[in-house]
Amino acid sequence: MLVRESPEGRAAGRIVETEGYVPLIDPASHAYRRRTNRNAPMWGPPGRAYVYFTYGMHYMVNLVTEPEGQAAAVLVRALEPLDGVDLMRRRRGVDKVRLLCSGPGKLCQALGIGAALNGAALQGPDLLVLPGDPVHEIVSTTRIGITRGVDLPWRFYEAGSNWVSRR
DNA sequence: TGAATGATGTTT
DNA sequence: AACATCATTCAT
């Protein structure tokens with residue numbers, strides 16, 4: 001479960017879809033080659049967020065998972081909205097709950113995650129990752145929206161979930 | 001229900 | 001020039 005605390009209130013959801021990105025062997029990873037200014041948080045200590053801006057209008061949030069220097073991260077692609085649904089609606093300008101967090105750009109907008117949270121602690125005042133209801137059956141597929149590393153089966157989602165980015 | 005497309009700014 | 005996307009539009 002991913003919790004976002006802000007002055008506007010709390011918004012939270014259960015993580016139901018992710019993608020893995022690793023350095024050196026994964027051509028789709030921002031950290032494929034080396035440390036750059038943008039991907040620096042991926043190379044840092046685990047337990048922090050890597051937030052980046054893409055397509056001129058969307059933020060994406062990753063959870064840095066491996067020890068310093070290893071640059072692996074998990075992209076959060078979809079949440080099952082649990083808390084602060086009305087706040088999410090306001091931020092998204094959308095009514096249907098199904099559309100609030102069913103994509104990496106959508107959930108960042110719904111939770112108010114932007115550049116200010118790049119490098120933020122995942123056990124901090126603004127972001128919090130907690131155990132949620134367990135995911136019992138996980139499906140793995142190839143990743144979405146990439147042009148390299150297309151055969152690596154590193155997208156994972158909860159079987160039968162209504163909240164993932166593709167039905 | 002699905003394919004095509006434009007929006008928009010940073011990175012390489 | 002590409003990009004870890006989304007909402008809208010137009011076609012089936």
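The sequence lines fix the lettering, A, B, ..., with proteins before strands; numbering per chain opens at 1.
A:Gln109 and A:Arg92 share a donor-acceptor pair across their side chains, judged by distance under 3.5 Å alone. A:Glu17 and A:Ser165 share a donor-acceptor pair across their side chains, judged by distance under 3.5 Å alone. Side-chain atoms of A:Ser6 and A:Arg91 form a donor-acceptor pair, as typed in the model, at a separation below 3.5 Å.
Judged by the 6.0 Å and 45° rule, A:Arg77 forms no cation-pi pair with A:Tyr157.
Atoms CZ (A:Arg91) and P (C:dC6) sit 17 Å apart, rounded to a whole Å. The interatomic distance linking A:Arg148 (CZ) with B:dT12 (P) rounds to 11 Å, in whole Å. Between A:Lys106 atom NZ and C:dT8 atom P the separation is 11 Å, expressed in whole Å. Atom CZ of A:Arg155 is separated from atom P of C:dT5 by 11 Å (rounded to the nearest Å). In this structure, the NZ atom of A:Lys96 is 13 Å from the P atom of C:dT8, given to the nearest Å. Computed from coordinates, the A:Arg38 CZ to C:dA2 P distance equals 15 Å when rounded to whole Å. Atom CD in A:Gln109 sits roughly 10 Å away from atom P in C:dC6 (whole-Å rounding). Whole-Å rounding puts the A:Tyr32 OH to C:dC3 P distance at 14 Å.
Remark: A:Arg4 does not engage A:Asp83 in a salt bridge, criterion side-chain N to carboxylate O under 4.0 Å. Using a 4.0 Å cut-off between charged nitrogen and carboxylate oxygen, A:Arg143 and A:Glu19 do not count as a salt-bridge pair.
At the heavy-atom level, A:Leu75 lies under 4.0 Å from base atoms of the strands shown. Using a 4.0 Å heavy-atom distance criterion, A:Arg143 is classed as making no nucleic acid contact.
Between A:Met60 and A:Leu75, the closest side-chain pair of non-hydrogen atoms falls below 4.5 Å. Between A:Arg166 and A:Ile144, some side-chain heavy-atom pair lies under the 4.5 Å cut-off.
The side chain of A:Ile144 has C:dT5 as its nearest neighbour among C:dA7, C:dT5, B:dT11. Of the listed nucleotides (C:dA4, C:dT5, C:dC3), C:dA4 has the atom at the smallest distance from the side chain of A:Asn62.
Contacts between residues 51-59 of chain A and DNA chain B, counted as heavy-atom distances below 4.0 Å, involve A:Phe53, A:Tyr55, A:Gly56, A:Met57.
Taking side-chain N and O atoms only, A:Arg77 has a distance below 4.0 Å to OP1 or OP2 of C:dT5. Here A:Arg92 reaches the OP1 or OP2 of C:dA7: one of its side-chain N or O atoms lies under 4.0 Å away. The side chain of A:Thr36 contributes an N or O atom lying less than 4.0 Å from OP1 or OP2 of B:dT12.
A centroid separation of 6.0 Å or more is found between the aromatic rings of A:His30 and A:Tyr21.
Ring geometry for A:Phe53 against A:Tyr59 counts as tilted: the plane angle lies between 30° and 60°, on a 0 to 90° scale.
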Legend entry - Watson-Crick and G-U pairing of DNA chain B, under 3.5 Å, as dot-bracket with | and [ ]: |||||||.|||.
